[in-house]
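Notes to accompany the following structure.
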Amino acid sequence: MLDLDISYNADIKVDAGFTEKTPIAGIKSIKLEGILRVILAPLMEDSPIFGALTVYFPHRPVLELQWTGFAHLLNIPGLQTLSERELVNQIGQIIVAPQHFSHPLAARFDLAKLQFLEPWNALRIRVIEAKNLVAKEILTKSSNPYVVICGGGTTAKTRVIHKNLNPKWNETFEILYSDLPDQEIEFNLMSDKGVKINQQLGSCRIRIKEVPERGFIDKWIDLENVKSGQLHIKVTRLRLLSDPTQLEEVKSLFLYAGCRGNTLECFVGASNFFLVFQVLKVNEQSRPKRDNEIASAVLYTYIEKGRGLPVLQMKKDNLKALAVVQVGVEDNVKKFGSRINNGEAEWKKRFQFLIRNPLNEELKLKVHNEHNKPIGSITVRLSRLLAASEMTLQDWLPLESTEQNSEIRVKLQLRILTPDVGAPSPQGKTKAQYIKPRTKVKKH
């Protein structure tokens, strides 16, 4: 594993306009700084010794741009920070942890064997409160604070609490993360300005490895880049279970009923439902008022390929995907396309969905052609996975409402979320620690 300190500062010429001679906007200089991590893994016996090359930024890089033309307005301090932050967010969706770029070095090495490909870990984050925040409203000498949480490739935010320098949110979020080294959770406090540009109230971060393997952290953290302010958070590790008998309370229940050996396996389906009921009950009891509904499970979805789809002709000047899949649970919908379609389309896409209640939610998958005309759809009730072996379904599923026999090969895995052993009970009270920020980040 190599960490490379990247510093790129140069004059460039990027113009955009209706014609080459009439540029409307552009960029005249760029500065990009950050740490780029290179991982050569896994080790192999034969040349080239390493199976694959993986590259990513462990932390968000620092970006500074100088705009020209009409875009010169973006050089105004507030707008400049906003535009640069948005560009860094776009970079983050591509190559900032947990996103990464991997390329095989050894012949026939399957990238699916990399251990950090899928986010098989979970954290439950509770944003509790903040205190001594700086006032951004001059007249009221107050702020309208909210928190933006970034981690595991996802972004979430709390509600806005108006005119308060000591807000209490008590809101809960879950994030999934892979085994990619040195991942962080970032907390950005903002003051809502309505139609104006929101102002920063400071930020802080924690490394995921700070959370004990079987437990939690409960901390007050100093905010960086501001005169005052602290944030109180609680982060708990979660287990992802495919076999409910791993939980002692479930196993003891069936042993008490006289189940032994192979007989116990016959009750796995029933114990899956029992486990879900227990998790839903605990989540509801531990959820503060006005809090989001807590996730009780994770659905891992792998859309592999299709067969029997209508044959579409590829045109050289056609940039549209010829077979588009839309997959979602509730209001969380993902959309992606395949450029290979001769009746045997291939996607090989992986997605994860946090599930509130697997007893009544369902996965919906729709396939469209390049003209957005429906080809067919699939609906899978998640309760079906509770009765499956290891809560896993891997099969060809027929598309409904198609003119021909078309199928999609998918792999669906349901995992139940439970606090790891050693974590406190939902009703238990803990004393929060107080920590200072590790380093002061230079304000740009």
Side-chain angles (χ1 to χ4, degrees), residues 93 98-100 102 110-123 152-156 173-180 238-243 272 276 279 293 295-307 309 321 323-341 344-368 374-400 406-417:
Q93 294 178 10
Q99 308 301 329
H100 60 276
S102 294
D110 186 3
L111 291 178
K113 295 181 180 178
L114 293 175
Q115 62 180 5
F116 44 75
L117 186 65
E118 286 245 53
W120 290 108
N121 307 282
L123 291 176
T154 60
T155 300
F173 307 88
E174 289 87 13
I175 68 164
L176 304 174
Y177 64 98
S178 65
D179 290 327
L180 212 59
L238 301 175
R239 283 198 293 171
L240 291 86
L241 298 183
S242 61
D243 178 9
N272 288 343
V276 171
V279 170
E293 190 173 353
S296 63
V298 181
L299 177 65
Y300 292 89
T301 306
Y302 179 53
I303 312 298
E304 185 178 354
K305 56 185 177 180
R307 66 184 180 190
L309 297 177
V324 178
V325 166
Q326 180 177 300
V327 58
V329 178
E330 298 290 331
D331 57 352
N332 188 0
V333 179
K334 316 287 186 180
K335 189 176 183 180
F336 51 94
S338 166
R339 295 195 53 79
I340 305 172
N341 194 322
E344 300 294 333
E346 227 177 50
W347 295 279
K348 293 187 176 181
K349 292 288 186 177
R350 301 174 187 271
F351 294 103
Q352 302 80 38
F353 299 93
L354 288 167
I355 306 299
R356 306 304 173 190
N357 187 345
L359 298 176
N360 55 26
E361 295 184 35
E362 56 188 20
L363 175 79
K364 294 183 178 180
L365 185 150
K366 299 178 181 179
V367 183
H368 299 81
I375 297 176
S377 63
I378 298 171
T379 301
V380 180
R381 293 191 63 83
L382 301 188
S383 56
R384 175 179 174 183
L385 297 177
L386 292 173
S389 175
E390 296 186 350
M391 299 191 196
T392 300
L393 171 65
Q394 185 173 10
D395 203 354
W396 289 95
L397 300 181
L399 287 171
E400 300 175 0
S406 302
E407 297 177 304
I408 304 292
R409 184 168 178 81
V410 302
K411 182 177 182 180
L412 306 177
Q413 296 173 283
L414 190 67
R415 296 294 180 264
I416 306 301
L417 291 173

message: For a quick test of reading the model, state the closest non-hydrogen atom pair linking Leu309 to Ala345 and the distance between them.
response: CD1-CB, 3.8 Å
field: Pair Arg356 + Glu174: basic N to acidic O under 4.0 Å
entry: yes
Listed partners of Asn332 passing side chain to side chain donor-acceptor pair (under 3.5 Å), at least two apart: none
- request: List in chain and number order the residues that pass side-chain contact (heavy atoms from CB on, under 4.5 Å) with Thr392, two or more places apart in sequence or in another chain; answer none if no residue qualifies.
  value: Glu390, Lys411, Gln413, Arg415
statement: Rounded to the nearest 0.5 angstrom, the CG-CZ distance for Leu386 and Arg384 is 12.5 Å
task: Check Ser383 against Leu359 and note the closest heavy-atom contact, atom names and distance.
output: CB-O, 4.1 Å
field: For Gly376 against Leu399, the heavy-atom pair lying closest together
entry: C-CD2, 3.8 Å
- prompt: Are any of the side-chain heavy atoms of Met391 and Ile416 separated by less than 4.5 Å?
  reply: yes
task: Might you work through the side-chain contact (heavy atoms from CB on, under 4.5 Å) test for Leu354 and Val298, ending with a clear yes or no?
output: CA-CA 5 Å; Leu354 288 167; Val298 181; 3.9 Å; yes
query: Heavy-atom distance under 4.5 Å between the side chains of Thr301 and Val410, does that happen here?
result: no
Gap separating the CG atom of Leu238 from the OG atom of Ser296, nearest 0.5 angstrom: 11.0 Å
query: Residues in salt bridge (Lys or Arg N to Asp or Glu O under 4.0 Å) with Glu362, at least two apart?
result: Lys364, Arg381
- request: With rounding to the nearest 0.5 Å, note down the distance linking CZ in Arg409 to CD in Glu346.
  value: 12.0 Å
query: Can you list the residues that meet the ring pair (Phe, Tyr, Trp, His ring centres under 6.0 Å) rule with Tyr302, with sequence neighbours excluded?
result: none
- prompt: From Ile408 CD1 over to Ser377 OG, what is the distance, rounded to the nearest 0.5 angstrom?
  reply: 11.0 Å
- request: Please report the closest heavy-atom contact between Phe353 and Leu363, naming both atoms and the distance.
  value: CE1-CD1, 4.3 Å
message: On a heavy-atom basis, which atom in Leu414 and which in Pro358 lie closest, and how many Å separate them?
response: CD2-CB, 4.1 Å
- prompt: How close do Phe173 and Ala156 get, heavy atom to heavy atom, and via which atoms?
  reply: CD2-CB, 3.7 Å
message: Could you check whether any side-chain heavy atom of Val380 comes within less than 4.5 Å of a side-chain heavy atom of Leu365, counting everything from C-beta outward?
response: no
field: pair Leu176-Thr154: side-chain heavy atoms closer than 4.5 Å
entry: no
message: Suppose we screen for salt bridge (Lys or Arg N to Asp or Glu O under 4.0 Å). Which residues come up paired with Glu118, at least two apart in sequence or across chains?
response: Arg350
- prompt: Between Trp347 (side chain) and Ala323 (backbone), is there a donor-acceptor pair under 3.5 Å?
  reply: yes
field: Nearest-0.5 Å distance, CG of residue Asp395 to CD of residue Glu407
entry: 8.0 Å
From Leu123 atom CG to Ile175 atom CD1, the distance as rounded to the nearest 0.5 Å: 5.0 Å
field: Minimum side-chain heavy-atom gap Leu114-Ser102 below 4.5 Å
entry: yes
query: For Asp110, which residues count as a side-chain contact (heavy atoms from CB on, under 4.5 Å) partner, sequence neighbours excluded?
result: Ala112, Lys113
